[in-house]
Participant: 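Below is the structure I would like to discuss, written out as structure tokens.
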Amino acid sequence: MTDTDFRNHLLAWYDNNKRDMPWRDCGDPYKIWISEIMLQQTRVDQATPYFKRFMDRFPTVHDLAKADQQDVLKVWEGLGYYSRARHLHAASKLVVEEFDGKVPNTWEEINELKGVGPYTASAVLSIAYQKKHAVVDGNVIRVLSRYFGIEDDVRSTKTKNTIQDYADDLISEERPGDFNQAVMELGAMVCTPSNPECEKCPLQANCVAHKTVKTEDIPYKSPAKKRPHHQIGVGIIMNNNEEVLIALRPDDAMLGGMWEFPGGKQEENEKMEDTVIRELREELDVDVSISKPFMKLDHAYSHFKITMHAYLCEIEAGTPQPNTSQEIRWITIDELEDYPFPKANRKLTEKLMNLDKGQQELEI
DNA sequence: AAGCCGGGGGC
DNA sequence: GCCCCAGGCTT
């Protein structure tokens, strides 16, 4: 099978099997850019409803550029990797101010946008502008490592460079954007991590991994590090005005720009109630007492796991003072849904809102 | 080069 | 439970 056969078989399969996506074949560089940011480390099915809401809320790059970061994060809430939203928002302002509101169409310029790396630059340039830049993502790594029988560790930069070279050689002159999307679509639908459907694959005849029965061994990935598990104590402080205290995480922190209930990590030989009292003293300079346990939940982040223990608290002494560069706010239960919260904290607000709703129904 | 950065679905 | 996902940024 020549490179031309590879392209023809793949593109014919793509034309007959590609999924419908709101940004696919639209020709709109703005939509294609947004979709590629959302699709970083995120499945199509997960990103799609977010993409639709995002476009309803920010139809053009101008709407995005003039929006508040909090509104952008609110639309992004639940999608994860929130720095993507902050970088995208900042990049939209650059597009408006420096590029006349047009998504750049050259390698040098598009790489000036925050959140755009080699993958996203190649994806936008090829899909929106028909430029010949081959993408290398998880799908491409899997498809090409199997096809060429590359058994080296795909975590290494050297192996990724090798795969980039293969992709650069293979990519179609006439349809570079479709070629890129076709490899990724094949990786998502047929050449899957486990149990690939090789009988449906247009490249099967020349695939080294298939011929040598190594599709379960390629791509090879060195073992991942174990993720530590932490115990986290948080305090839900209520005042006499039926308000709760929330804190804004700084932009340079994990979950930056999102709101949370204050708290922190349990130390060795520390009672969880004492963890909450200590953390609130350190963060807010107040003495609190624990009223009662509120909720316990497990959550997994990208590189550690937590069990979160939330308690209802009352202030015994002092007035909450935010740390430097951290904002705090007293808000009603109703207002909780207006602020962007990361997932674990959102589970707490949902229970608070349900309880509050139940209370009101009882009073009526 | 390695670590950091979310959340969800498949197995 | 673990793995993976249309990766990028920071050190």
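Order of the sequence lines sets the chain letters (A, B, ...), proteins ahead of strands, with each chain counted from 1. Scope of the values below: all heavy atoms of this structure, side chains included, with no hydrogens, waters or symmetry mates.
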Participant: Is it true that atom CG of A:Asn240 has more than 12 heavy atoms of other residues, nucleotides or ligands lying nearer than 6.0 Å?
Facilitator: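 No, the 6.0 Å shell around CG holds no more than 12 heavy atoms from other groups.
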Participant: Specify whether A:Tyr30 and A:Trp33 have parallel, tilted or perpendicular ring planes, treating 30° as the upper limit for parallel and 60° as the lower limit for perpendicular.
Facilitator: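 It falls in the perpendicular class, over 60°.
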Participant: Any side-chain N or O of A:His299 less than 4.0 Å from the OP1 or OP2 oxygen of B:dG7?
Facilitator: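 Affirmative; the distance criterion is met.
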Participant: Which of parallel (below 30°), tilted (30 to 60°) and perpendicular (above 60°) describes A:Phe341 and A:Phe261?
Facilitator: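 If you compare the ring of A:Phe341 with that of A:Phe261, the planes turn out parallel.
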Participant: Would you say the side chains of A:Asp165 and A:Thr162 form a donor-acceptor pair under 3.5 Å?
Facilitator: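 Their side chains do not contain a donor-acceptor pair, so the 3.5 Å distance test is not met.
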Participant: Select one nucleotide: of B:dG7, C:dC4, B:dC5, the one nearest the side-chain heavy atoms of A:Pro342.
Facilitator: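 Selected nucleotide: B:dG7.
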Participant: Would you kindly give the OH-to-C1' distance between A:Tyr119 and C:dC9, to the nearest whole Å?
Facilitator: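 Those two atoms, OH and C1', are 18 Å apart.
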Participant: C:dG8 phosphate, OP1 or OP2: any side-chain N/O from A:Lys114 under 4.0 angstrom?
Facilitator: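 For A:Lys114, the contact criterion (side-chain N or O under 4.0 Å from OP1 or OP2 of C:dG8) is not met.
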Participant: Quick one: does A:Tyr81 reach the base of B:dG6 with a side-chain donor-acceptor pair under 3.5 Å?
Facilitator: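 Indeed there is one.
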Participant: Base of B:dC5, side chain of A:Arg84 - is there a donor-acceptor contact under 3.5 Å?
Facilitator: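 No, no donor-acceptor pair under 3.5 Å.
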Participant: Reckon A:Leu79 touches a base, only the sugar-phosphate, or nothing at all at heavy-atom distances under 4.0 Å?
Facilitator: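 A:Leu79: base contact, heavy atoms under 4.0 Å.
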Participant: To the nearest Å, how far apart are A:Asp137 CG and C:dC5 C1'?
Facilitator: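 Checked: the CG to C1' distance equals 9 Å.
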Participant: Base, sugar-phosphate, or nothing: which does A:Thr157 touch, judged by heavy atoms less than 4.0 Å apart?
Facilitator: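 Sugar-phosphate only.
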Participant: 5'-most contact on DNA chain B: A:Gln46 or A:Ser194, nearest heavy atom basis?
Facilitator: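 That would be A:Gln46.
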Participant: Under 4.0 angstrom, heavy atoms only, what part of the nucleic acid is A:Gly187 near: base, sugar-phosphate, or nothing?
Facilitator: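 Nothing, no heavy atom under 4.0 Å.
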